[in-house]
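Read the structure below first, then the notes.
Residues take their numbers from the sequence shown, with the count starting at 1.
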Amino acid sequence: MPHRQVLESLSGLLLVLFVAMISSTVVSTALPLIIGSLNGSQTQYTWVVTATLLTATASTPIWGKLADLFNKKTLVQVAIVIFVLGSVASGFAQNAEQLIGARAVQGLGVGGLQALVQVVIAAIIPPRERGRYNGYLGGVMAVATVGGPLLGGLIVDVPWLGWRWCFFVGVPIAAIAFLVLQKTLKLETVRRDDVQVDYAGAALIAAGVSVLLIWVSFVGNSFDWVSWQSAAMVGGGVVLLAIAVWVESRVREPVVPLRIVRTRTASLAILGSLAVGLAMFGGAVFLGQYFQVGRGYTPTEAGLLTIPMMAGVLVASTVAGRMISRSGRIKPYVVTGAVVLVLGFLGLGTIDHDTSLVVVSGAMVLVGVGVGMTMQNLVLIVQNSVPLRDLGSASASVTFFRSLGGTIGVSVLGAVLANRVTADLTTAFGGRGLTGGGEETSALNLAALPPEVQQVVRMVYGDATAHIFVIAAGAALVGLIAALLLKPVTLRNTIDLEQSPKDEPVTDPITR
């Protein structure tokens, strides 16, 4: 396709990606106020994010399989409709439980949008040229990530709007994306008649992960680490995941193809994506909370303070994408990005409630650069290693594991932060609740707390946040090890892999 025609088709896809990205970023700075107004807990704060990530993760491979059965353009539009329904329901939520449920529906749409955009782009642009267009993807992601927190902060700071518009604001953008796609995206339906959707595998994986994440969220508070509840939930989660692996090895069209995962290039790239997703999603989600609850800034100011990280993502993804397209070499950029990501999170691991904003901003820039150089390029490595017939499954698989890492990261780091904050607040107030008797008030509902109590809560949150960034640095280190173990990869210039003499697709060109 000529460059102009590619850009016309890409315009609708970029708008779709923007819709998916802004659905989470627009609430990132507003979430402390949202949960506070609903009198929710730190655990519910975490699950408002985790619910979306979990359903998006579970549905991503299914969307990838459906892309091999039905028209990709139609599927993208269906995902937009699901996203809109979840957004409207989130905006009308009356308590934290309803909000979590509505966000789970929203996540089904987000999973489709994230997976299908990757599939469509991979189907029309060769890997060697895709690095050039990945810069546009990175730019859109950066704009959504920078503009989202700012927009969310402005919405909650404007009295006549209120936090519910953080969810409603995505509806007109999604409608515009729907119309743009209808006009610009022209795709023929390429259907594989032998495709089967592995609903059982997806359900088992989602159930197993959900049980373990629920256990992580409540252990230490609702029950002890060594208890029958822990044994039941951990044992049940492990059994469900073991059955899922057995199912995936038996079905003809697994939701996570083991033959792809077993190749060295794909498995290391997937491991890297898992670690990067855990570090990035898990760490970034709590930055807005750190600035507002720990430092006392308004939602708008918190959005402005996250700009250094998003600027790092924008510059790094754009520059690295163009340099990769020129050279065709990708490993050096992924390794460099992984190193920078580890250093960035180690820097954030030193902060407290009165750390200089210059130090915090410098560490966020490093995190942004690391994410920009690694996240999308790890997807590209997997896409480069599989034939066209497996593109949908491979793209969905790496996105699945990246989202899974993010889900685990948000849940685990949120649980660590909640337990730390609960313990520190209990110590600070001599074992009493925040109100010292009577009905308990959420620590995030700062407006309902006396000024002297607010000060203690801010100090506790500001100091406790550093611990989760140290854990995120450990996850990023795993991604660095995976990147170092990758063999040097040269991106191909063709849409499909060459066929072997027996006309069998080559699943790992590096070992050929």
Side-chain angles (χ1 to χ4, degrees), residues 31-51 95-97 99-100 212-234 282-283 285-297 302 348-355 360 408-472 474:
L31 204 51
L33 188 145
I34 294 172
I35 297 300
S37 66
L38 296 174
N39 204 34
S41 65
Q42 178 64 48
T43 298
Q44 289 172 324
Y45 179 103
T46 300
W47 271 94
V48 168
V49 180
T50 301
N95 53 52
E97 291 80 5
L99 180 58
I100 292 171
L212 292 177
L213 294 183
I214 292 172
W215 170 73
V216 168
S217 297
F218 292 102
V219 69
N221 286 326
S222 301
F223 47 82
D224 294 330
W225 287 87
V226 179
S227 62
W228 70 266
Q229 293 97 331
S230 291
M233 297 183 77
V234 174
V285 159
F286 300 102
L287 275 173
Q289 189 178 31
Y290 167 76
F291 284 124
Q292 291 178 68
V293 180
R295 301 297 294 263
Y297 293 103
L348 289 177
T350 65
I351 65 176
D352 56 28
H353 69 279
D354 60 358
T355 300
V360 178
I408 295 171
V410 172
S411 184
V412 172
L413 298 184
V416 171
L417 181 61
N419 289 333
R420 181 83 183 191
V421 166
T422 300
D424 290 351
L425 286 177
T426 300
T427 301
F429 292 106
R432 297 174 297 137
L434 291 179
T435 56
E439 184 178 353
E440 194 77 11
T441 302
S442 169
L444 295 174
N445 192 6
L446 291 175
L449 300 175
E452 62 275 11
V453 177
Q454 290 185 24
Q455 184 64 28
V456 175
V457 171
R458 293 193 190 283
M459 291 179 61
V460 167
Y461 267 94
D463 296 345
T465 305
H467 294 83
I468 65 174
F469 290 128
V470 173
I471 298 174

**Request:** Please list all pairs passing the salt bridge (charged side-chain N to carboxylate O under 4.0 Å, His left out) test where one or both residues lie in residues 31-40, with sequence neighbours left out.
**Result:**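 For residues 31-40, and leaving out neighbouring residues, there are no salt bridge (charged side-chain N to carboxylate O under 4.0 Å, His left out) pairs at all.
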**Prompt:** Can you name the closest pair of heavy atoms from A466 and G349 and give their distance?
**Reply:**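 That closest heavy-atom pairing would be CB-O, 3.4 Å.
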**Message:** Restricting to non-hydrogen atoms, name the atom on S37 and the atom on I34 that form the minimum distance, rounded to 0.1 Å.
**Reply:**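 The pair with the smallest heavy-atom distance is OG-O, 2.8 Å.
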Interatomic spacing from [atom1] in [X] to [atom2] in [Y] - rounded to 0.5 Å:
X    : Y    : atom1 : atom2 : result
H353 : T465 : NE2   : OG1   : 12.0 Å
L38  : I100 : CG    : CD1   : 10.0 Å
L33  : Q292 : CG    : CD    : 7.5 Å

Would you say that [X] contacts [Y] through its side chain, given a criterion of any heavy-atom pair below 4.5 Å between the two side chains?
X    : Y    : answer
L348 : Y290 : no
L287 : F469 : yes
I471 : L413 : yes

**Prompt:** Between R295 and R458, is there a donor-acceptor pair closer than 3.5 Å when you use the side chain of the first and the backbone of the second?
**Reply:**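 Answer holds: no.
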**Request:** Apply side-chain contact (heavy atoms from CB on, under 4.5 Å) to E97 and list each qualifying residue two or more places apart in sequence or on a separate chain.
**Result:**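 Applying side-chain contact (heavy atoms from CB on, under 4.5 Å) to E97 gives Q44, N95.
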**Request:** Just jot down the side-chain contact (heavy atoms from CB on, under 4.5 Å) partners of S227, sequence neighbours excluded, or say none.
**Result:**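 Expected list: F223, D224, Q229, S230.
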**Prompt:** Only one of V460, V293, V416, V457 forms a side chain to side chain contact (heavy atoms under 4.5 Å, CB included) with V421, so which one is it?
**Reply:**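 Exactly one option meets the side chain to side chain contact (heavy atoms under 4.5 Å, CB included) with V421, and it is V460.
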**Asked** Is there a donor-acceptor contact under 3.5 Å linking the side chains of T355 and D352?
**Response**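 Present: a donor and an acceptor within the cut-off.
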